[in-house]
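Following: one structure in structure tokens, then a few remarks.
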Amino acid sequence: MNTELTDGIVALTPLTLEDVDAHLAGEDDLLVRWLNGGPGTREGTEAYFRHCMEQWAIGGPLRAFGVRAGADAALAGTIDLRFEMPGLTEGQVNIAYGLYPAWRGQGLATRAVRLICHYAACEGAIQGVIQVDPDNPGSEAVARRGGFIYIKQVQSTDGNRFSWYVRDLA
């Protein structure tokens, strides 16, 4: 779990239990709506972060990173890769990200996406996939700035629509 990716502005490090307080403090209505699916609780967040840590330890299909920025490398959000997920084909990896309100609008999510794409390619992924709710223009903009191209809209089994953006990682 000593993986750290950085471009000198943003650093990505595996999530740990030490990140729980900052994550809960940073969560807002937009993260709940677009990424988390519901407000976080301490118990639920700790359980999820433990799961993320276990996935790192066993080399599982989930790789969850904290997005860090600023002089003190504060937790600014999260980004994760899922090498296995319904709807993905062999070689595709899903990328999901979210920043806390104080860190949005500074280009940090785009930097994080670029870093994680490089990591995913090094891990054998061929194509990155970002699934965005079409009512979330900020996330669509991050995908486009990260070099992703819109290819289709899909409807999930729960009825939600997602715009698929893809980028070759080779």
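The basis for the numbers below is simple: all heavy atoms, side chains too, and nothing from hydrogens, waters or symmetry mates.
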Please give me the minimum heavy-atom distance between [X] and [Y], naming the atom from each residue.
| X | Y | answer |
| --- | --- | --- |
| Leu12 | Leu115 | CD1-CB, 3.7 Å |
| Ala109 | Val142 | CB-CG2, 3.8 Å |
| Pro134 | Glu140 | CA-OE2, 3.8 Å |
| Pro14 | Thr3 | CD-O, 2.8 Å |
| Tyr100 | Gly77 | CE1-N, 3.3 Å |
| Gln92 | Leu88 | OE1-CA, 3.4 Å |

Nearest 0.5 Å, what's the [atom1]-[atom2] distance between [X] and [Y]?
| X | Y | atom1 | atom2 | answer |
| --- | --- | --- | --- | --- |
| Gln127 | Asp168 | CD | CG | 5.0 Å |
| His51 | Leu15 | NE2 | CG | 11.5 Å |
| Glu90 | Glu84 | CD | CD | 9.0 Å |
| Phe83 | Leu62 | CZ | CG | 9.5 Å |
| Glu4 | Phe65 | CD | CZ | 10.5 Å |
| His23 | Thr78 | NE2 | OG1 | 6.0 Å |

Testing Gln155, Gln131, Gln153 for side chain to side chain donor-acceptor pair (under 3.5 Å) with Arg161, which one passes? Gln153
Answer yes when Glu46 and Arg42 have at least one side-chain N-carboxylate O distance shorter than 4.0 Å, and no when they do not. yes
Look at Arg63 together with Glu123 and state whether they make a salt bridge at an N to O cut-off of under 4.0 Å. yes
Could you walk me through whether Arg50 and Leu17 satisfy the side chain to side chain contact (heavy atoms under 4.5 Å, CB included) test, starting with their C-alpha distance in whole Å, then the side-chain angles of each, then the deciding distance to 0.1 Å, before giving a yes or no? CA-CA 7 Å; Arg50 277 191 192 92; Leu17 292 176; 4.0 Å; yes
Could you check whether any side-chain heavy atom of [X] comes within less than 4.5 Å of a side-chain heavy atom of [Y], counting everything from C-beta outward?
| X | Y | value |
| --- | --- | --- |
| Leu75 | Val67 | no |
| Thr45 | Asp19 | no |
| Thr13 | Arg68 | yes |

Walk me through whether Ile130 and Val113 qualify under side chain to side chain contact (heavy atoms under 4.5 Å, CB included). CA-CA 10 Å; Ile130 295 176; Val113 165; 4.2 Å; yes
Using a distance-only test with no angle check, is there a side-chain donor-acceptor pair under 3.5 angstrom linking Ser139 and Tyr97? yes
Do Thr16 and Glu18 get their side chains close enough for a donor-acceptor pair, meaning under 3.5 Å? yes
Please determine whether side chain to side chain contact (heavy atoms under 4.5 Å, CB included) holds for the pair Leu81 and Asn94, giving the CA-CA distance in whole Å, both sets of side-chain angles, and the decisive distance to 0.1 Å. CA-CA 6 Å; Leu81 293 174; Asn94 190 76; over 6 Å; no
Geometric class of the Trp56/Tyr119 ring pair [parallel <30°, tilted 30-60°, perpendicular >60°]: tilted
Describe, in one word, how the ring planes of Tyr150 and Tyr165 are oriented to each other, choosing from parallel (under 30°), tilted (30 to 60°) and perpendicular (over 60°). perpendicular
Shared hydrophobic cluster for Ile116 and Ile126 (ILVMFWY, side-chain gaps under 4.5 Å): no
For Leu108 and Ile9: C-alpha separation, side-chain torsions, deciding distance, then whether side chain to side chain contact (heavy atoms under 4.5 Å, CB included) applies. CA-CA 8 Å; Leu108 302 178; Ile9 304 293; 4.0 Å; yes
Taking only residues two or more places apart in sequence or in another chain, which ones pass salt bridge (Lys or Arg N to Asp or Glu O under 4.0 Å) with Arg104? Asp28
Whether Arg111 side chain and Gly8 backbone form a donor-acceptor pair below 3.5 Å: no
Backbone N or O of Ala64 within a donor-acceptor pair of the Gln55 side chain at under 3.5 Å? no
Just checking Ile151: does its CD1 atom have more than 12 heavy atoms from other residues, nucleotides or ligands closer to it than 6.0 angstrom? yes
Is the distance between the ring centroids of Trp164 and Phe148 under 6.0 Å? no
